[in-house]
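A short write-up of the structure that comes next.
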Amino acid sequence: MTEPPVQPCAACGDDANAACRACSYALCRACLDEDVAEGRTTCARCGGEYAALDPAHGKGNAVEVEEEEDQHVPEASGGLRERVTIGNHLSDRQDEGSHARTISSMSGVGHVRTISSVSGSELNDESGRPIWKNRVESWKEKKNEKKVSAKKAAAKAQAPPVEEQIMDEKDLTDAYEPLSRIIPISKNKLTPYRAVIIMRLIVLGLFFHYRITNPVYSAFGLWMTSVICEIWFGFSWILDQFPKWCPINRETYVDRLIARYGDKEDSGLAAVDFFVSTVDPLKEPPLITANTVLSILAVDYPVEKISCYVSDDGSAMLTFESLAETAEFARKWVPFCKKYSIEPRAPEFYFSQRIDYLKDKIHPSFVKERRAMKRDYEEYKVRINALVAKAQKTPEEGWIMQDGTPWPGNNTRDHPGMIQVFLGETGARDFDGNELPRLVYVSREKRPGYQHHKKAGAMNALVRVSAVLTNAPYILNLDCDHYVNNSKAVREAMCFMMDPSVGRDICYVQFPQRFDGIDRSDRYANRNVVFFDVNMKGLDGLQGPVYVGTGCCFYRQALYGYGPPSLPALPKSSVCSWCCCCCPKKRVEKSEKEMHRDSRREDLESAIFNLREIDNYDEYERSMLISQMSFEKSFGLSSVFIESTLMENGGVPESANPSTLIKEAIHVISCGYEEKTEWGKEIGWIYGSVTEDILTGFKMHCRGWRSIYCMPVRPAFKGSAPINLSDRLHQVLRWALGSVEIFLSRHCPLWYGYGGGRLKWLQRLSYINTIVYPFTSLPLVAYCCLPAICLLTGKFIIPTLSNAATIWFLGLFISIILTSVLELRWSGIGIEDWWRNEQFWVIGGVSAHLFAVFQGILKMIAGLDTNFTVTAKATDDVEFGELYVFKWTTVLIPPTSILVLNLVGVVAGFSDALNSGYESWGPLFGKVFFAMWVIMHLYPFLKGLMGRQNRTPTIVILWSVLLASVFSLLWVKIDPFIGSSETANTSTCSNFDC
C-alpha cells in the first residue's frame with residue numbers, strides 16, 4: 001500500500017507540515033518561522049488558525065498538539081472552545097495591540113433614566129491626548145517586541161511536536177464540520193428549465209422578426225405601438241429571467257455551531273445588536289412594536305450577547321412610555337418563554353394561535369403558569385391601550401413626564417437627542433433572578449434646516465449609538481411590525497457568519513419575509529411568494545440576494561464601507577501587454593503577501609479602510625491609514641466611535657466610563673454629526689432613495705461582498721402587511737418611486753460600480769431589473785388599451801396569419817407556459833401564488849408604477865420632494881376586516897378606466913359582429929381574447945373596488961366613465977388609423993342614401 005502524498009508548501013513548494021483549518025493554506029517549517037518572525041501568526045489568505053498536518057492521514061487532515069509539557073490547554077465544556085496552536089509559534093498571537101473586543105459591564109447605565117443633549121467629547125489620557133492616537137505611536141514599539149518574542153518562539157519550535165490533546169472524537173468531528181451546506185437543485189429539474197429558457201429566447205427572436213417584417217398598414221399606429229410594447233416586455237423578461245439561472249438551496253447545522261462555540265455563559269458566539277425602527281405610534285401601534293421587542297428579548301441566544309435598540313424617529317412620548325411598560329412585562333415573559341421553549345415568542349401571536357398548545361409540553365405546572373401569563377399579558381394590553389387612548393389628544397402645554405418635567409420631544413421637528421437604557425447587565429433582572437438583554441430607547445436630535453434622511457438616517461444613528469454602547473460585530477434590523485417567529489433565527493445566521501469557510505466575505509444574511517393576517521386567497525399578492533421563493537434563490541446562486549429592508553443580519557464592518565478580507569488582485573498593467581504573443585516574457589510570480597497588499601491599495605485611495613491585517617502595510621501606508629484626518633473625514637468627530645471601528649470582533653474597552661459613553665452616544669446622534677462625512681455616501685445606510693435597502697445592498701455587492709439567503713424550515717420572522725387595496729397600492733408606489741430615484745441617480749446600476757469588476761454581470765442584471773421595472777408601466781398601459789381600441793375601430797394589430805406565423809405564435813405561448821411550469825417545479829411554489837403574482841404585476845403596473853414614474857421625473861425636473869408615508873399596520877380584531885376597507889386615491893383611476901374601456905369594447909365588438917354577419921365573428925375572436933386577458937388580470941382589482949357590499953364608490957365610477965367616454969368620442973372623431981383609400985371613399989358620400 002502506497003503512502004499518501006505530502007501536501008506542498010504554498011510559498012516555496014517544499015513538504016508542508018502545517019495548514020490553515022479554514023482554507024487548507026499549507027506552509028513548511030521554514031516559511032512558518034519566517035511569518036512568525038515578521039509578526040504574522042495567522043493564515044495569510046483568510047486569517048484563520050494553523051494546525052499541524054497528520055502524516056498518517058495525508059492532505060488536509062490536521063491534529064491538535066500541545067505547546068509544551070508544562071502548558072495545559074483545558075478542554076472546554078459543551079464543545080470546542082480553545083483554538084489549536086502549532087508548537088510555540090502561535091502562543092503569543094494576541095498582544096496589547098490586538099483588536100479583541102470585550103463586553104463592558106456598563107455599570108451605572110442600566111437602570112438610571114437619562115434624557116439629555118450633550119456636545120461631543122473625547123476619551124483622553126491624563127496629558128489630554130486622545131487615547132486612540134496613542135495606539136498609533138505604540139504600534140511601532142509593539143512591532144519590535146513582536147520580532148523579539150518571535151525569535152524566542154522560533155527557537156522553542158525546533159523541539160519535536162508533542163502528543164495530541166485528549167478530546168472526544170465525536171465532539172471534535174462536529175466542531176470542525178461545516179456549519180452549513182449548499183443543496184443544489186436537481187439536474188432533472190434544472191436542465192429542462194434552462195433548455196426551455198434558451199428555446200424561449202430563440203422563439204422570441206423569431207417572433208420579433210415576424211412582427212417587424214409584417215406591418216399592418218391599415219392600422220399602422222396600432223401595429224407600431226404594439227411592437228414597441230412587445231419589445232420592451234421581451235427586454236424586461238430577459239432582465240428578470242437570467243438572474244434565476246443558478247438557483248440553490250441552503251441548509252444550516254445549529255447543533256454544530258453549539259459544539260464549536262458553546263452555549264453557556266462563556267459561549268464563544270458573537271454578540272448581536274438588534275435594531276427596531278418606528279416613526280408614528282398612531283399608524284404603527286405600540287402594541288405591535290412591543291411584541292417585536294418582547295420576541296427579541298426572549299430569543300434563544302446568550303443573554304449577554306443580545307442588545308435591542310429601538311429608534312423612535314417621531315420622538316413620541318407614547319412610544320417611550322409603552323417601552324417602559326414593555327421592559328417591566330419582559331421580566332415575566334422572557335423566563336416563561338425560555339422555561340417552556342415557547343414559539344413564537346411574541347405574546348400577541350402566541351396566545352392567538354389555533355393549535356394544541358399542550359403538544360410536547362411535559363411540565364405539570366405549564367397549564368397553570370400559561371393561564372397566569374395570559375392574564376398578565378391582558379392586563380399589560382389594557383395599560384398599553386390606556387396610553388394610546390391618552391395620546392389621541394395632545395395637551396396645549398405639551399406632554400409632561402411622570403417627574404413633572406416637559407417631554408423633550410414635544411416638537412417633533414426641533415428636539416434634543418434622547419437615550420434611555422431600560423434593561424441591561426446592571427438593570428432590573430427577571431423574576432427568576434436572571435440577567436436580561438439590554439434594551440435601549442433612542443430618539444436622534446432634530447433641528448430645522450437639517451436634512452435627516454428619514455429611515456436611512458435613523459438607522460445610521462442606531463449604528464453609531466450601538467457602536468459606542470455595545471459594539472456587537474453583527475447587526476440585525478427589523479421593522480417594528482416584524483417579530484421573531486423562530487427563536488433560533490440568530491443562530492441560523494451565525495451558521496454562515498461565524499463559519500470561517502463561508503463567512504469571510506459575507507456582508508449580510510437575508511431572511512425571507514413572511515406575513516400573518518393575509519386573506520386565504522392572497523388577493524393582492526402580499527406574500528410575494530414568487531420574489532422570495534424564486535428570484536431570491538436564483539440570486540443566492542450568484543453573488544447573493546438583495547437587501548429587502550428587514551429581517552437582515554449585517555456584518556458591522558461591511559456597513560462601515562470596508563471591502564471584504566479577500567479582495568481580488570488588481571490586474572497587472574504593462575506597456576507591451578498587447579504583444580505578449582510575439583515577445584513573451586517570464587512571468588514574475590507574486591507571493592500571497594504581495595498580492596494581498598496590492599489588492600488593498602485601491603481601498604487606500606479612499607478614506608475607507610480595512611484594518612484586518614494592518615501589519616501587511618509599510619510605514620507610509622500605515623501612517624496614511626490611521627491618520628486622524630482620514631478617519632474623521634469618514635466617520636465624524638468622535639474618537640470613541642473611531643476607536644470602535646478599529647475593533648473587528650466587537651466589544652467596548654473594559655475601562656470605559658458608562659457616563660462618558662452615554663454622553664458620547666448623545667453626541668453621535670446630533671443632527672450635525674454627519675456633515676462633511678461619508679455617512680450615507682459610503683458608510684452605513686445609503687441616502688438618495690426612499691428604498692434605501694436596495695441602494696445599501698447594491699453598494700456592498702459593488703465592493704465585492706457576498707450575501708446569503710437563509711430559509712429556515714420555521715420562518716425566522718413574520719410581519720403584518722396592508723391587505724386592503726388602497727394601502728397595498730401606496731406601498732407598491734413607494735417601492736417603485738425608490739427604484740425610479742435610483743435610476744435617475746449616480747448609483748444607477750447601468751453605469752455605477754464597474755471600476756473594481758467585483759459585481760457579477762448576472763447580479764448587475766438583477767439590480768438593473770429592480771430599477772427599470774416601474775418604466776414597464778408605460779408600455780403596459782398602452783398595451784392594455786389596445787384591445788378596446790381594436791374592438792371599437794374594427795382594426796387589429798396582427799395581419800392575417802400564415803402557417804409560419806402560426807408556428808411562431810404557438811411556440812411563444814408554449815415556451816411561456818413551459819417556463820412557468822418548470823419554474824414552479826423546482827421552486828415548489830403553487831400555481832395560485834404564481835397567478836396572483838401575474839395579476840398584481842398588471843394591477844400595480846397600470847396604477848402605482850405609472851404614478852411613480854411621473855413623480856420621480858417631476859422630482860428630478862422640478863425638485864418636488866415626495867412625502868414618505870408610513871403604511872398603517874392592521875389592528876382590527878375582525879379576521880381580514882381590513883381587506884374590505886376602501887380608501888379613495890387617484891392611483892385607482894387608471895386601472896378603473898382601463899377596465900371600463902375594455903368592457904365597453906367587448907360590448908361594442910359583439911354588437912358590431914351581430915350586425916355585420918357571420919364573416920366578422922372570426923376576427924372578433926382574437927380581439928375579444930385580447931380584451932379578456934386584460935380583464936382577467938384586473939379581476940382582483942375589480943373585486944377590491946366592490947368592497948364588502950360589492951359596491952364600487954360613486955366617485956370612481958364617475959371618473960372612470962367620464963375618461964372612457966371622452967377617450968372613445970375623441971377616438972371616433974379623429975379615427976387616426978383609417979387608411980387613405982378609405983378616406984377617399986367616404987369623402988364621396990355626403991348623405992345616408994349613398
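Each residue takes its place number in the sequence, starting with 1.
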Scan side-chain atoms only and decide if [X] and [Y] contain a donor-acceptor pair under the 3.5 Å cut-off.
X	Y	value
Asp403	Thr405	yes
Glu348	Tyr483	no
Asp312	Tyr441	yes
Ser487	Glu343	yes
Gln839	Arg836	yes

Can you find a heavy atom in the side chain of [X] that is under 4.5 Å from one in the side chain of [Y]?
X	Y	result
Glu284	Val279	yes
Asn837	Val529	no
Asp479	Ser277	yes
Cys495	Val254	yes
Tyr350	Arg345	no
Cys308	Val276	yes
Ile843	Pro940	yes
Pro347	Asn291	yes

Distance in Å, [X] [atom1] paired with [Y] [atom2], rounded so as to fall on 0.5 Å steps:
X	Y	atom1	atom2	answer
Phe366	Phe336	CZ	CZ	5.0 Å
Leu476	Phe274	CG	CZ	4.5 Å
Gln353	Ile342	CD	CD1	9.0 Å
Glu435	Ile306	CD	CD1	13.5 Å
Leu725	Leu892	CG	CG	5.5 Å
Tyr524	Lys943	OH	NZ	8.5 Å

Using the side chain to side chain donor-acceptor pair (under 3.5 Å) rule, take Gln731 and Arg734 through it: C-alpha gap first, then chi angles, then the decisive distance, then the call. CA-CA 5 Å; Gln731 182 186 57; Arg734 185 172 71 248; over 6 Å; no
Derivation and outcome, side chain to side chain contact (heavy atoms under 4.5 Å, CB included), residues Glu692 and Lys454: CA-CA 10 Å; Glu692 70 289 329; Lys454 301 170 183 176; over 6 Å; no
Run the salt bridge (Lys or Arg N to Asp or Glu O under 4.0 Å) test on Lys488 and Asp255 for me, step by step, so that the C-alpha distance in whole Å, both residues' side-chain angles and the decisive distance to 0.1 Å come before the verdict. CA-CA 11 Å; Lys488 298 185 183 298; Asp255 53 343; over 6 Å; no
Can Asp693 and Lys455 be said to form a salt bridge (Lys or Arg N to Asp or Glu O under 4.0 Å), step by step? CA-CA 10 Å; Asp693 46 6; Lys455 180 182 177 181; over 6 Å; no
Verify, without hydrogens or angle tests, whether [X] (side chain) and [Y] (backbone) share a donor-acceptor contact under 3.5 angstrom.
X	Y	answer
Gln513	Arg527	no
Ser689	Thr691	yes
Ser670	Ile666	no
Ser443	Met418	no
Asn471	Gly651	yes
Arg556	Ile475	no
Asp263	Ile258	no
Asn477	Gly549	yes
Asn434	Asp430	no
Asn526	Phe515	no

Atom of [X], atom of [Y] and distance for their closest heavy-atom approach:
X	Y	value
Leu729	Ser847	CD2-OG, 3.5 Å
His415	Pro408	CB-O, 3.2 Å
Arg438	Val421	CG-CG1, 4.2 Å
Arg447	Asp414	NH1-OD1, 2.6 Å
Met711	Tyr709	SD-CE2, 3.3 Å
Leu436	Val303	C-CG1, 3.3 Å

Hey, what's the ring geometry for Tyr508 with Tyr547, parallel, tilted or perpendicular (30° and 60° as the breaks)?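 Geometry flag for Tyr547 against Tyr508: tilted rings.
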Taking Lys339 first and then Glu369, would you say they form a salt bridge - that is, a charged N and a carboxylate O separated by under 4.0 Å?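 The answer is yes: the pair qualifies as a salt bridge.
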Does a side-chain N-to-carboxylate-O contact under 4.0 Å join Lys446 and Asp313?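 Asp313 and Lys446: salt-bridged.
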Step through it carefully: locate the ring centre of Tyr555, locate the ring centre of Tyr474, and say whether they are under 6.0 Å apart.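 Yes, the ring centres sit under 6.0 Å apart.
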For Met536 and Val548, what are the C-alpha separation, side-chain angles and deciding distance, and is it a side chain to side chain contact (heavy atoms under 4.5 Å, CB included)? CA-CA 10 Å; Met536 295 288 266; Val548 297; 3.9 Å; yes
Stepwise, does the side chain to side chain contact (heavy atoms under 4.5 Å, CB included) test hold for Leu478 with Phe717? CA-CA 9 Å; Leu478 293 173; Phe717 309 101; 3.6 Å; yes
Scan the side chains in residues 315-329 for donor-acceptor partners under 3.5 Å anywhere in the protein, sequence neighbours excluded, and list what turns up.
residue : atom : partner : partner atom : Å
Ser315  : OG   : Gly409  : O            : 3.3
Ser322  : OG   : Leu318  : O            : 3.0
Ser322  : OG   : Thr319  : O            : 2.9
Glu325  : OE1  : Arg383  : NE           : 3.0
Thr326  : OG1  : Ser322  : O            : 2.7
Thr326  : OG1  : Tyr380  : OH           : 2.7
Glu328  : OE2  : Arg331  : NH1          : 3.1

Between Glu378 and Phe351, is a side chain to side chain contact (heavy atoms under 4.5 Å, CB included) present by the stated rule, with each step listed? CA-CA 10 Å; Glu378 289 173 351; Phe351 290 120; over 6 Å; no
